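A short write-up of the structure that comes next.
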Amino acid sequence: MRLYNSRTLKVEEFKPLVEGEVSMYVCGPTVYNHIHIGNARPIIVFDTLRRVFEAEGYNVKYVSNYTDVDDKIIKKAHEEHRPEVEITQEYIQAYNDVRHKLNAHDLYKTPKVTETMDDIIDFIDELIESGHAYEVDGDVFFRVNSVKTYGEISHQNIEDLQVGARIDENEKKESPLDFALWKNTDMGIKWKTKWGEGRPGWHTECVVMIQKEFGKNMIDIHGGGTDLRFPHHENEVAQCRAIHDTSLANFWLHNGMINIDGIKMSKSLGNFTLAKDVLNIYGPQLVRWVMLSAHYRMELNFSDEVFETAKKELDKVMTSYKQANIKLGLMNEKLGVEFDTQLYREFLDQMNDDMNTPNAYAIIFETVKKLNQVLRVKEIDPNEVSKYAVTLEKMLEVLGIEYSRIPLTDDDKILFAKWNEAKAEKNYELADTYRNQLSERGLV
RNA sequence: GGUUCCUUAGCCAAGCUGGUAAGGCAAUAGACUGCAACUCUGUGAUCGCCGGUUCGAGUCCGGCAGGAACCUCCA
């Protein structure tokens with residue numbers, strides 16, 4: 001597996017820290033609202049990455065969190081006169097519903113901030129004790145200048161950042177770049193600490209959860225949207241550097257944004273479409289197919305036209321697969337276990353090449369073409385049909401595209417026989433009747 | 001202004017360590033078919049612009065133009 005590492009700006013050969021095992025963390029949602037379709041991209045991208053690793057025999061430990069403590073959540077709770085937990089539970093469920101529909105596998109662990117609070121407080125304490133953080137009136141800030149490597153993820157140098165940094169109204173900070181680890185607060189849910197009551201800053205949560213859930217301060221892969229590189233991921237690393245002097249993760253992976261008319265879809269811009277709505281309109285399979293049709297690091301423009309084209313592509317693949325099932329059924333044969341190892345290997349090689357899904361799709365179309373070719377000959381060889389159909393299944397499995405084997409009932413077979421008989425007798429009226437019946441069963 | 005990245009046929013989109021451009025959609029010409037659908041076969045680009053390195057560059061270097069993300073919460 002070769003992966004583009006945002007930390008080094010290069011494609012590198014992946015070597016796991018522990019033989020045969022992959023530790024992977026992806027920043028999860030802040031659960032104050034339904035996710036939009038842009039938020040669904042990392043779900044699909046990293047689930048697919050996990051499937052590739054698993055296809056290669058790795059044991060993958062994939063962790064993703066729920067940020068269930070946040071200003072927006074508190075604000076919403078306040079406005080709706082509801083407890084925070086009610087809101088977070090609602091949107092965690094909505095998020096998981098989207099994940100399941102998208103056929104994303106279950107995660108190794110899904111920590112919540114509220115359940116990690118003791119560790120977060122301890123960690124902040126440790127940062128203060130070591131001089132990397134300081135407390136002012138109940139707030140705690142991270143002292144960015146105390147970490148020499150600051151900028152290693154976003155590739156910015158501190159001077160440039162300081163020039164560009166907006167003058168913060170918060171004059172408590174020593175430097176405008178310093179970020180909050182703990183916010184003193186009197187509104188909403190809060191925790192008591194020795195420096196005051198409040199809640200943690202966003203950047204601290206992820207580092208702590210990684211360390212806690214994996215039991216170490218260095219993992220294989222940390223993923224997320226490219227918009228999280230700075231400041232979020234930079235600040236995560238800074239904290240880890242401060243205490244452990246590691247880059248937290250060997251590989252930093254970032255997926256590209258989903259655009260609307262060339263502009264990033266975002267909640268703040270308001271140009272977003274909710275994932276659940278897109279799933280209802282196009283169906284989860286098509287969404288997954290579209291998401292993987294472009295390389296994960298590239299921007300992906302979101303439009304009806306993209307979906308229309310993708311639908312034709314996916315239909316082509318699934319139609320071929322369905323035909324294989326039906327033809328085998330009519331021959332009283334079944335799909336076996338043999339597959340074209342060479343085609344499958346080529347497919348996996350593309351997936352291993354920094355998840356080159358466009359090239360992997362090309363292999364799929366090649367497989368589909370071969371399947372169609374063996375389906376079209378006069379004397380169909382069931383072994384050949386099965387071979388390519390099973391090859392296709394294995395590829396779809398890696399991509400997370402669902403398929404289902406179609407068992408033909410005796411009734412179905414009789415109907416096919418009648419249809420053929422009517423055609424042979426040139427009784428097309430009757431033939432169309434049977435065809436319509438088969439069509440209703442989704443067999444034509 | 002700084003950082004990172006993108007610009008390939010009508011559209012979408014690959015192209016790693018340089019040797020004359022994957023795949024898909026659309027279009028078009030055939031084949032198959034009772035009709036239709038499906039399918040199969042054939043047909044298209046010199047790679048934003050300029051310059052450099054090289055025997056040779058889409059692929060490396062420099063410059064220019066256009067676009068995006070980040071520098072503020074955001075996948």
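Model, not experiment: these values are computed from the prediction. So that the names make sense, note that chain A is the first sequence line, chain B the second, and so on, each numbered from 1.
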### Query
So what's B/rA21 paired with, Watson-Crick or G-U wobble, going by both distances under 3.5 Å?
none
Tabulate protein N/O versus nucleotide N/O from nucleotides 6-12 of chain B, keeping only pairs under 3.5 Å, one per line.
none

### Query
Heavy atom of residues 434-444 of chain A under 4.0 Å from RNA chain B: which residues?
A/R435
### Query
Across all strands, who's sitting opposite B/rC40 as a Watson-Crick or G-U wobble pair, both distances under 3.5 Å?
B/rG30
### Message
Using a heavy-atom cut-off of 4.0 Å across all strands, would you classify A/Y95 as base, sugar-phosphate, or nothing?
### Response
nothing
### Query
With sequence neighbours excluded, what pairs up with A/K311 under the salt bridge (Lys or Arg N to Asp or Glu O under 4.0 Å) test?
A/D315
### Euclidean distance, atom CZ of residue A/R41 to atom C1' of B/rA75 [Å, nearest integer]
10 Å
### Message
Using OP1 and OP2 only, check whether a side-chain N or O of A/K311 sits under 4.0 Å from B/rC25.
### Response
no
### A/E305 atom CD, over 12 foreign heavy atoms within 6.0 Å
no
### Phosphate contact (B/rC40 OP1 or OP2) by A/N372 side-chain N/O below 4.0 Å
yes
### Strand partner of B/rC47, provided both Watson-Crick or wobble distances fall under 3.5 Å
none
### Message
Rounded to whole Å, how long is the line connecting atom CG of A/L274 with atom P of B/rA75?
### Response
13 Å
### Message
Below 4.0 angstrom, which residues in residues 387-406 of chain A have at least one non-hydrogen atom near RNA chain B?
### Response
none
### Task
Give, ordered by number, those residues of residues 315-323 of chain A having at least one heavy-atom distance below 4.0 Å to an atom of RNA chain B; if nothing qualifies, reply none.
A/K316, A/T319
### Query
Is there a Watson-Crick or G-U wobble partner for B/rC70 with both distances under 3.5 Å, and if so, which one is it?
B/rG2
Between the protein and nucleotides 67-69 of chain B, are there any N/O to N/O pairs under 3.5 Å, and if so, what are the atom names and distances?
unit_1	atom_1	unit_2	atom_2	d
B/rA68	O2'	A/E299	OE2	2.4
B/rA69	OP1	A/K264	N	3.3

### Donor-acceptor pair present, A/D432 side chain and B/rG34 base, under 3.5 Å
yes
### Task
Could you work out which one of B/rU41, B/rC71, B/rU4 sits closest to the side chain of A/Q373?
B/rU41
### Query
When you match A/K370 and A/W419 each to their closest nucleotide on RNA chain B, which lands nearer the 5' end?
A/W419
